[in-house]
Each structure stands twice: as structure tokens, then as C-alpha cells.
A.B. asks: 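What follows is a structure written as C-alpha cells; I'll ask about it next.
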Number of protein chains: 2
Amino acid sequence: MVIARCSVDYTGRLSAHLPLATRLLMVKADGTLLIHSDSGSKPFNWMSPPCSLVESDMLWRVTNKAGEELLITIDEVLHDSSHDLGVDPGLQKDGVEKHLQELLADRCEVLGASWSLIRREHPTDIGPVDLLCRDETGARVAVEIKRRAEIDGVEQLTRYLQRINLDPWLAPVRGVLAAQQFTPQARVLAADRGITCVTLDYDELRGIEPSTPRLF
Amino acid sequence: MVIARCSVDYTGRLSAHLPLATRLLMVKADGTLLIHSDSGSKPFNWMSPPCSLVESDMLWRVTNKAGEELLITIDEVLHDSSHDLGVDPGLQKDGVEKHLQELLADRCEVLGASWSLIRREHPTDIGPVDLLCRDETGARVAVEIKRRAEIDGVEQLTRYLQRINLDPWLAPVRGVLAAQQFTPQARVLAADRGITCVTLDYDELRGIEPSTPRLF
DNA sequence: TTGTTGATTTCGCAA
DNA sequence: TTGCGAAGTCAACAA
């Protein structure tokens, strides 16, 4: 961890210049280098491993295989310390889309009374549909699950429906977009495409799910 | 800047837990808080301003307006230092999409012989089309520019074309997707929609451009 | 304030 | 390795 007055030049996927100012240079154990200012959550410049750092005099040269280069010109070092953090057990996440899909696969009657699951991750040639279900009339429904449904989620489901309806064994298949939140524009476009929007309640799904006895 | 053995719990847009380990806690002047381990380029946990940090004993509680909460339980502080970095002049970038658009607007004959520019950032009710050109036959062409064209770029241009072709003064307008790189799926979908893909060479564009004499 | 779009996005998963 | 979709995406910019 070095705090220094420095200027930085990056050439690679684009060209960028960082004028002389005081910043934090962080070199991690895995080779990651980050250059942070005193505001904002993202570093101004960085380099991801694998990369090589060569320090000569007051010039740091960081390069990687792809030919990207970070030149750090050090004007003055204000702080320099090193710390051994050891390995990190990592972050445990809960509540993401995958989890929603698992819960809904188990309880697709949340989408409609008497609905049943035909298949999870039903493959098409442009990617898998989250759920393929049978509704109360026996008709097939393709379900796309999002945490927050936006316009591109509607586009995605539309593409799936086009593809899936080319299969005479499956067609006709209608679409359901299931999400915790919807942007107004997603609702409008979905309505326009004949796609039904279903709002999910994560806590309710999670609360209901354990009460379902598994018959393995 | 604090280096400490700590565990972290985040509740907000999702729930996440970070088991006890040694990490870097960074508190920036603008209120940003970052929790970094010794590997990876992004922090495991963070909170963006505006947020409030309350330190009581060995517990840090960080909250924001949206009801998100970060609980940091400090086990042992290994390092604690503070540094005044001052304001940063910020990063100067070159070579991003906006720049490509400027270059192409000046040299749209790169897209086809005798092509001319009608308008840059042509407005539609769902957003501006990057370029509106006239091809060698006098027909109008809507051009969408990307650094890397993916499937959603094709969707975006498709929406623009639908809108723009509703205007009897402009229709018919065909589409060109110009990018430095294309994903295979973008090419397939573009072909499917009758959209032409044009590969751009940034160095060539930049190299050619200064040779164009300006008439004042 | 809200919405849209780009990003040296990063990250994870799967083919 | 490559491709593709998700992300607590972040951040800039316009309406």
C-alpha cells in the first residue's frame, strides 16, 4: 500500500491519462494493482493479473499479456506499508436470480393455480429458458425470471418465444416475465408483446418453500 | 485506512456474509467505504455515499437512505492510518465509443463509397440514433456504433429502425451496425434482421482522420 | 429525480 | 479459451 503523488498513463483497450495528484496505489498478493483517489467506489486505473510490475527509480511499469501498459510516474512517496492478509474465505451471497429460479421451480404454482413444471433451463439455440411450465389449461408457458425486469428482459423472453414457437412439438407457448420489480417500460413492452408480468415476493417464496415436503 | 480482522454482514439489495478474516477497510473523503481482500479487483463489500458510518466499540454500522446496511464486526485492528489526498483532477480518456462516433461522422465514407452524413445523434422518441447517412444510391441508413457489438446492440438498432421507418419523410431506412468487434450471435441476429455489420479499425480511423483537411 | 447507456465494466458459468 | 448473461454492477449524462 503506497500513498504517493503520481501521474499515470494507460494504453490498452483505450488511452487514458491521470494528471499529477496524490493517490493510493494498492498492490495485492495476486498481482492486482489498483489506483484509487479519495472519492468514488471505482479505481481510476487498474491492472488485473496476470501482469508484471517493474519498479525502476520513480517509474512503475505494469504490463500484461494482451499488450496493455500502465505507466506510473511517482513524484513523491507519502506512505508505504505492507500487510499480509492471508487468504479470504470469500463472500456468501443469497437472494440472487439463481436462487429465485430454484424457489420458483419448486413452487411454480405461485405463477398460477395448478401450474406445473415441465423443465428448468429449457435449452434453445440462443440460450436456455429459465422455466418451461404447463398452466391450468395444459398450455405451455415459457418463464423468464429476473430480480428486476427491464426492457432487455422483455426482449430476451421475446427472442426465446420466437425460437421456441418454431418447434411444432411445443408451440404454442406463451410468455411470463417473473420479477421482484418491474420498470414501467418493461410492463408496457411486455403488454405489447402479450407477455404476462408476475411480481415475486422473495420473502414469501423463501418462507413458503421450506414448508413444501420433498418426496425425493 | 484500516487493516483488521473482521467479519461483515450486508443486507440490502441482497443478503451477504463475509466470514472472519483479515481485510483492508478504506474510508474515503466522500464517505465511500470499501472492504478489500488481498485478491481480486473489486471490493467484497462496499457502501456508496450518501451513507452514515457509526463506530461503536468494535462494531461499525454503515447505513444509507435506501435501507441498506453494512455491519462490520472488528476482531482485531492491525493497522490504522489516515491520509489527506486532496481533490483529484480526474481521468482523461480517449478511444471510447463517443470518440469512434466523432471519427466516423467525419469519415462516413469508411462505411461505403460516396456515403455522406445527414445527421449525427438523430433523435427518435426512444433515443438518438448515432448516425443517419445517405448511401451511394441516395438511400438513408441508420448507423449504430459500438466498441463491441453484442446482441443487445442489434436489438437497440432494430428498435430505432422500427421507429424511424414510421416517419414517411425518412422511410425506408436500413440499418448498419458498426463496431470494432462483433460477437457471433450479434452477427447472426443482425443478418436475421437485415442489418449490415461493418468492422471498424480505430487506429485506421484515427490515422486517416487528421489527413482530412478542414476548411476552416 | 429518474431513466438510459457505456464500460479498460468485472464476475461466474458453461460449452 | 471463449461466449454469454448477471451484477448490491458503477458512473456519466439527459430529460
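Chain letters run A, B, ... following the sequence lines, proteins first, then strands; residues in each count from 1.
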A.B. asks: If you only use heavy atoms from C-beta on, which nucleotide in D:dG8, C:dT10, D:dG3 is closest to the side chain of B:P184?
C.D. replies: D:dG3
A.B. asks: How many whole angstroms separate atom CD of B:Q101 from atom P of C:dT5?
C.D. replies: 14 Å
A.B. asks: Between A:K65 (NZ) and D:dT2 (P), how many Å, whole number?
C.D. replies: 13 Å
A.B. asks: Please state whether the phosphate of D:dG8, meaning OP1 or OP2, lies under 4.0 angstrom from any side-chain nitrogen or oxygen of A:R147.
C.D. replies: no
A.B. asks: Establish, from distance only, whether the side-chain atoms of B:R148 and B:Q180 form a donor-acceptor pair under 3.5 Å.
C.D. replies: no
A.B. asks: Among the candidates C:dG6, D:dA6, D:dC4, find the nucleotide nearest to the side-chain atoms of B:K146.
C.D. replies: C:dG6
A.B. asks: Could you check how far CD of A:E155 sits from C1' of D:dC4, rounded to whole Å?
C.D. replies: 17 Å
A.B. asks: Roughly, in whole Å, what's the span from OH in A:Y160 to P in D:dC4?
C.D. replies: 11 Å
A.B. asks: Considering only D:dT9, D:dG5, C:dT5, which nucleotide approaches the side chain of B:Q156 most closely?
C.D. replies: C:dT5
A.B. asks: Is the shortest side-chain N to carboxylate O distance from A:R107 to A:E109 below 4.0 Å?
C.D. replies: yes
A.B. asks: So does B:D135 pair up with B:R174, basic N to acidic O under 4.0 Å?
C.D. replies: yes
A.B. asks: In whole Å, I'd like the distance from the CZ atom of A:R148 to the P atom of D:dA6.
C.D. replies: 13 Å
A.B. asks: Taking OP1 and OP2 of D:dC10, is either one under 4.0 Å from a side-chain nitrogen or oxygen of B:W46?
C.D. replies: yes
A.B. asks: Using whole Å, what does the distance between atom P of nucleotide C:dG3 and atom CG of A:D152 come to?
C.D. replies: 15 Å
A.B. asks: How close do A:A149 and A:L177 get, heavy atom to heavy atom, and via which atoms?
C.D. replies: CB-CD2, 3.7 Å
A.B. asks: Any idea which of D:dT9, C:dT8, C:dG6 is nearest the B:E97 side chain?
C.D. replies: C:dG6
A.B. asks: Between B:K93 and B:H99, does any side-chain donor sit less than 3.5 Å from a side-chain acceptor?
C.D. replies: no
A.B. asks: For atom C1', what is the distance between D:dG5 and D:dT9, given to the nearest Å?
C.D. replies: 13 Å
A.B. asks: So, does A:S48 get its side chain near the phosphate of C:dT8, meaning an N or O under 4.0 Å from OP1 or OP2?
C.D. replies: no
A.B. asks: Between B:D130 and B:K146, is there a salt bridge with N-O shorter than 4.0 Å?
C.D. replies: no
A.B. asks: How long is the line joining CG of A:D88 and P of C:dC11, in whole Å?
C.D. replies: 14 Å
A.B. asks: Does C:dC11 have its OP1 or OP2 closer than 4.0 Å to a side-chain nitrogen or oxygen of B:K42?
C.D. replies: no
A.B. asks: When the C1' atoms of D:dA14 and C:dT8 are considered, how many whole Å apart are they?
C.D. replies: 25 Å
A.B. asks: With rounding to whole Å, what would you report as the distance between C:dA7 and C:dC11 at their C1' atoms?
C.D. replies: 14 Å
A.B. asks: Give B:E144 one of three labels, base, sugar-phosphate or nothing, depending on what nucleic acid heavy atoms sit under 4.0 Å from its own.
C.D. replies: sugar-phosphate
A.B. asks: Indicate whether OP1 or OP2 belonging to C:dC11 is found under 4.0 Å from a side-chain N or O atom of B:S41.
C.D. replies: yes
A.B. asks: Here's a test of your reading of the structure: between B:E68 and A:R159, which maps to the more 5' nucleotide of DNA chain D?
C.D. replies: A:R159
A.B. asks: When the C1' atoms of D:dA7 and D:dA11 are compared, how many Å lie between them, rounded to an integer?
C.D. replies: 14 Å
A.B. asks: To the nearest angstrom, how far is B:N45 atom CG from C:dT10 atom P?
C.D. replies: 19 Å
A.B. asks: For DNA chain C, whose closest nucleotide is more 5', that of A:E150 or that of A:R13?
C.D. replies: A:E150
A.B. asks: Run the salt-bridge test on A:R193 and A:E155 with the 4.0 Å N-O cut-off and return the result as yes or no.
C.D. replies: yes
A.B. asks: Contact class for A:F44 vs. all strands (heavy atom < 4.0 Å): base, sugar-phosphate, or nothing?
C.D. replies: base
A.B. asks: Classify A:M47 by what it touches in the nucleic acid, base, sugar-phosphate, or nothing, heavy-atom distance under 4.0 Å.
C.D. replies: nothing
A.B. asks: Return whichever of B:K98 or A:Q185 has its heavy-atom-nearest nucleotide of DNA chain C closer to the 5' end.
C.D. replies: A:Q185
